[in-house]
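What you are looking at is a predicted structure, and each value in this text was computed from that prediction instead of being measured.
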Amino acid sequence: CTFCGLHENMQYRIRDAGEVIAELKRLHNRYGVRRFFATDLIMPQSYYKTFLPRLAEEKIGYEFYYELKGNITKAQMNLLKAAGVRLVQPGLESLSTAILKLIRKGTNAAQNVEFLKWAKEADIEVSWNIIVGVPGENPEENESAARRIKALWHLPPPFIVEFELTRFSPAFTNPAEFGISKIAPVGLYYAVFPISSSLLSDLVYRFEYESESFGGRPPWM
């Protein structure tokens with residue numbers, strides 16, 4: 001995604017499903033816990049064929065929080081439920097297909113609504129965001145999405161978050177492509193680290209910027 005500063009670090013080893021289940025059992029036997037918080041940024045797709053079916057079959061009774069992609073099938077949603085996944089954070093990000101294309105999510109608004117619907121049917125709690133202030137967005141798309149949300153009162157509401165420019169993201173690496181200029185460390189860093197601007201720019205993760213689509217500095221900065 002254009003806003004994601006984690007793509008440089010998304011190359012990771014996938015642990016064997018059997019090893020993970022064995023570790024969960026050790027933790028449960030030692031500490032008596034049944035609720036687990038997965039630190040994976042995205043659930044590996046292979047776990048829908050290995051890890052989750054094992055958990056569902058063994059009916060161990062663990063409960064999980066997981067971050068995952070929003071473009072899953074209804075069958076996969078039901079598998080998550082059967083395996084004990086009770087809370088998820090999917091990368092939905094918007095209910096505007098135009099904005100989803102702009103940030104290169106690879107999904108559309110209908111798929112995101114389907115995800116929320118299927119999660120509700122499976123009794124899986126969803127924590128999700130809508131990103132606003134994306135460089136190049138048409139503000140009318142957010143207004144249209146806001147009107148659309150009123151019809152989804154029976155589904156979990158989103159959190160509203162502002163677009164952030166982060167190191168390693170495509171928007172940071174190729175700012176001219178997104179109409180971004182005058183990149184500098186977020187002002188708070190200067191209060192915490194009393195060093196030169198040039199050195200600070202080499203160290204920090206979040207940045208302020210100017211955007212053509214906002215006629216300069218984004219209004220929330």
Are side-chain N/O atoms of Thr73 and Tyr48 paired as donor and acceptor at under 3.5 Å?
->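 The answer is no; no qualifying pair exists.
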Lys69, NZ atom: more than 12 neighbouring heavy atoms under 6.0 Å = no
CZ/Arg148: more than 12 non-hydrogen atoms of other groups inside 6.0 Å =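 Yes, enclosed.
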Measuring from atom [atom1] of [X] to atom [atom2] of [Y], what distance do you get when rounded to the nearest 0.5 angstrom?
X	Y	atom1	atom2	result
Cys1	Ile131	SG	CD1	7.5 Å
Ile99	Phe163	CD1	CZ	12.0 Å
Trp118	Lys74	CH2	NZ	7.5 Å
Gln76	Asn71	CD	CG	8.5 Å

So does [Y] get a backbone contact from the side chain of [X], meaning a donor-acceptor N/O pair under 3.5 Å?
X	Y	result
Ser144	Glu140	no
His28	Val33	yes
Asn108	Gln111	yes
Glu93	Leu100	no
Asn112	Ser94	yes
Asp16	Glu19	yes
Arg86	Asp123	no
Arg54	Ala83	no
Trp128	Pro156	yes
Arg167	Val204	yes

Derivation and outcome, side-chain contact (heavy atoms from CB on, under 4.5 Å), residues Leu116 and Val126 = CA-CA 7 Å; Leu116 296 171; Val126 181; 3.9 Å; yes
Between Glu114, Lys120, Glu121, which is the residue that forms a side chain to side chain contact (heavy atoms under 4.5 Å, CB included) with Lys117?
->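 When side chain to side chain contact (heavy atoms under 4.5 Å, CB included) is applied between Lys117 and each of Glu114, Lys120, Glu121, only Glu121 qualifies.
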Stepwise side-chain contact (heavy atoms from CB on, under 4.5 Å) check, Leu79 with Val85 | CA-CA 9 Å; Leu79 179 58; Val85 177; over 6 Å; no
To check you understand the geometry: which heavy-atom pair defines the closest contact between [X] and [Y], and what is its length?
X	Y	result
Cys4	Thr166	C-OG1, 4.1 Å
Pro135	Ser211	CB-OG, 3.9 Å
Ile183	Pro175	CD1-CB, 3.8 Å
Ser96	Ala109	N-CB, 4.2 Å
Ile149	Pro158	CD1-CG, 4.1 Å
Phe207	Pro185	CD2-N, 3.7 Å

What pairs with Ser196 under side chain to side chain contact (heavy atoms under 4.5 Å, CB included), at least two apart in sequence or on another chain?
->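 Expected list: Ser198, Leu199.
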Return the orientation label for the Tyr62 and Phe64 ring planes: parallel under 30°, perpendicular over 60°, tilted otherwise.
->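 Perpendicular, since the angle between the ring planes exceeds 60°.
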Under a 4.5 Å cut-off applied to non-hydrogen side-chain atoms, are [X] and [Y] in contact?
X	Y	answer
Glu137	Asn142	yes
Tyr47	Arg15	yes
Tyr209	Ser181	no
Leu200	Phe193	yes
Gln89	Leu68	no
Phe115	Ile72	yes
Ile180	Glu210	no
Ile60	Leu24	no

Any salt bridge between Lys182 and Glu212, counting N to O under 4.0 Å?
->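 Answer for the salt bridge query: no.
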Should the pair Arg206-Glu164 be classified as a salt bridge under the 4.0 Å nitrogen-to-oxygen rule?
-> yes
Hydrophobic cluster mates of Phe37, side-chain heavy atoms under 4.5 angstrom, ILVMFWY only, any path?
->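 The other cluster members (ILVMFWY side chains, heavy atoms under 4.5 Å, direct or chained) are Tyr65, Leu87.
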Shared hydrophobic cluster for Tyr205 and Val192 (ILVMFWY, side-chain gaps under 4.5 Å) =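 They do share one cluster, since a chain of ILVMFWY contacts under 4.5 Å joins Tyr205 to Val192.
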Path from Phe159 to Val134 over hydrophobic side-chain contacts below 4.5 Å |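 Result: no, two separate clusters.
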Show your working on salt bridge (Lys or Arg N to Asp or Glu O under 4.0 Å) between Lys101 and Glu141 and close with a plain yes or no.
-> CA-CA 12 Å; Lys101 288 181 179 179; Glu141 288 293 328; over 6 Å; no
Before giving the answer on side-chain contact (heavy atoms from CB on, under 4.5 Å), spell out for Ile124 and Met77 the whole-Å C-alpha distance, their side-chain angles and the decisive distance to 0.1 Å.
-> CA-CA 9 Å; Ile124 295 177; Met77 184 70 75; 3.8 Å; yes
Can you name the ring pair (Phe, Tyr, Trp, His ring centres under 6.0 Å) partners of Tyr189, sequence neighbours left out?
-> none
Output, in order, the C-alpha distance, side-chain angles, deciding distance and verdict of side-chain contact (heavy atoms from CB on, under 4.5 Å) for Ile160 and Asn129.
-> CA-CA 6 Å; Ile160 306 300; Asn129 300 322; over 6 Å; no
